[in-house]
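Everything on this sheet refers to the single structure shown next.
Atoms within each ligand, like the ligands themselves, are counted from 1 in listed order.
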Amino acid sequence: MKVTEHIKKAEGKTLFSFEILPPLKGQNIETIFDNIDQLMEFNPPFIDVTYHREEYEFKELSNGLLEKRIVRKRPGTVGICAAIQNKYKVDAIPHVLCGGFDKEDTENFLIDMGFLGIDNVVALRGDAVKSETYFKPEPKGNAYALDLVHQIADMNKGVYLDEDIQNTAQTDFCIGVAGYPEKHMEAPNMESDLHFLKKKMEGGADYIVTQMFFDNEKFFAFVKNCREAGITAPIIPGLKPLATQKQLNMIPHRFHVDLPEALIKEVLKAKTKEAVREVGIEWCIAQSQELIKNGVPFLHYYSMGKSDNIHKVARAVF
Ligand code: FAD
């Protein structure tokens with residue numbers, strides 16, 4: 001079922017959903033199932049599965065030269081989606097990237113998704129590969145999430161890359177896209193970021209999932225700005241319980257979001273790792289409760305491979 005249909009069916013009740021990462025190459029799927037098992041009691045209508053593009057590594061050879069190798073550390077998005085739908089009978093939503101794919105790869109990926117009975121996808125540009133500063137699309141690839149949204153929306157109309165194919169089946173994907181309450185790091189300002197977000201909605205996207213944030217006021221302002229800009233689609237807040245003291249620096253560095261002073265002070269006061277984790281859980285519970293009061297359609301949690309803290313949050317909130 002489509003995310004937008006889940007929202008309609010809930011008639012204003014806030015639903016629970018979460019995102020998982022495929023395991024590192026060499027690990028088995030049981031760790032993923034263990035994490036999902038813990039969270040099934042909160043009846044998630046969907047589970048997102050991230051996509052991880054290739055990385056470059058340099059290996060020193062015996063002659064002292066460096067060999068550049070392409071590695072894919074977390075493959076398995078498609079297989080995990082199929083396994084989730086099969087085992088838990090809930091919708092699995094793959095993230096689809098521009099980065100690392102040309103349009104033909106994307107088309108074939110989406111055909112596989114359609115055959116698997118997947119009817120939601122999140123369309124994303126992806127980040128630059130780690131060894132590069134700026135994102136570079138593949139030759140004949142999509143440069144922005146907007147272009148990817150157009151490609152998916154075309155397939156929903158039965159338009160494929162090869163114009164000679166006749167009597168094509170129309171796919172029927174509900175399309176999610178990313179939104180940034182604190183602005184995407186590359187956007188020159190918030191107005192520009194909202195301008196392109198609106199283009200994604202006009203191009204065929206159906207709903208927005210936000211980057212994580214730790215200050216609800218940022219989310220409320222973002223929703224207000226979106227509505228004023230004419231963006232009417234559902235906006236799903238993304239939340240992550242802060243889990244370690246190191247994340248005080250890692251989260252702003254990696255996700256370009258600010259942490260509120262009150263949260264930082266609580267984390268610094270905590271004497272043990274467990275106490276820090278509890279601070280993160282309590283903060284996330286308070287955020288979740290306030291967001292529910294404000295009528296958000298879903299609370300979408302970023303599990304990042306560990307679900308014990310999300311379980312504690314969900315138990316307090318749902
Ligand atoms: P876009 O919407 O293309 O925007 C990128 C930048 O370009 C923005 O600054 C925007 O303002 C600007 N822009 C957009 N369109 C245009 C245009 N036509 N001309 C000029 N400028 C433009 N990454 C992964 O690798 N795998 C994942 O699974 C993944 N999941 C994510 C899930 C969520 C909910 C979020 C919020 C992020 C996720 N990311 C993931 C990270 C994401 O790929 C990065 O944040 C990436 O840098 C931007 O992706 P986007 O889809 O927002 O890009």
Side-chain angles (χ1 to χ4, degrees), residues 3 17-23 46-55 72-78 80-81 92-101 106 109 113 120-130 132-138 141-152 175-213 218-219 222 225-226 229 231 233-240 251-257 296 298-305:
V3 169
S17 65
F18 60 97
E19 175 188 288
I20 57 161
L21 278 64
F46 71 80
I47 300 170
D48 270 36
V49 184
T50 54
Y51 197 96
H52 297 261
R53 62 174 305 181
E54 76 284 9
E55 292 175 29
R72 200 174 280 279
K73 293 189 174 160
R74 292 184 186 272
T77 301
V78 179
I80 291 172
C81 284
I93 306 188
H95 291 188
V96 187
L97 301 184
C98 303
F101 287 94
T106 301
F109 182 93
M113 294 303 122
N120 300 280
V121 290
V122 177
L124 299 147
R125 189 196 69 178
D127 286 321
V129 283
K130 284 203 177 119
E132 291 174 352
T133 312
Y134 295 106
F135 175 84
K136 259 200 236 137
E138 291 300 302
N142 290 308
Y144 292 102
L146 171 62
D147 307 315
L148 178 54
V149 168
H150 283 149
Q151 185 177 4
I152 303 167
I175 308 170
V177 290
Y180 300 84
E182 298 179 56
K183 187 180 86 61
H184 183 258
M185 61 170 170
E186 293 164 29
N189 60 34
M190 191 51 125
E191 288 70 29
S192 165
D193 213 18
L194 282 176
H195 167 81
F196 287 118
L197 178 58
K198 190 172 178 200
K199 291 258 175 242
K200 290 194 277 193
M201 309 324 291
E202 289 167 348
D206 297 289
Y207 70 98
I208 297 163
V209 189
T210 76
Q211 182 57 281
M212 67 181 72
F213 56 89
K218 303 250 167 86
F219 174 79
F222 174 70
N225 289 336
C226 284
I231 297 170
I235 302 178
I236 298 176
L239 293 176
K240 181 196 146 33
I251 287 175
H253 179 68
R254 187 147 159 222
F255 300 103
H256 303 269
V257 300
V296 295
F298 270 89
L299 287 174
H300 185 67
Y301 294 94
Y302 296 113
S303 80
M304 294 187 154

>> Just so I know, are the side chains of C98 and D147 near enough to count as touching, which here means a heavy-atom distance under 4.5 Å?
In response: no
>> Over 60° means perpendicular and under 30° means parallel, so tell me whether F213 and F219 are parallel, tilted or perpendicular.
In response: parallel
>> Tell me which residues fall inside the under-4.0 Å heavy-atom shell around ligand 1.
In response: T50, Y51, H95, L97, L124, R125, G126, D127, Y144, A145, A178, Y180, H184, E186, A187, D193, F196, K200, V209, Q211, Y302
> F101 vs F109 aromatic rings, parallel, tilted or perpendicular, using cut-offs 30° and 60°?
Replying inline: perpendicular
>> Side chains of D193 and E186, heavy atoms from C-beta outward: is any pair under 4.5 Å?
In response: no
>> Ring centres under 6.0 Å, that's the criterion: do H300 and Y302 meet it?
In response: yes
> With no hydrogens and no angle check, is any side-chain donor or acceptor of T210 less than 3.5 Å from a backbone partner on G179?
Replying inline: no
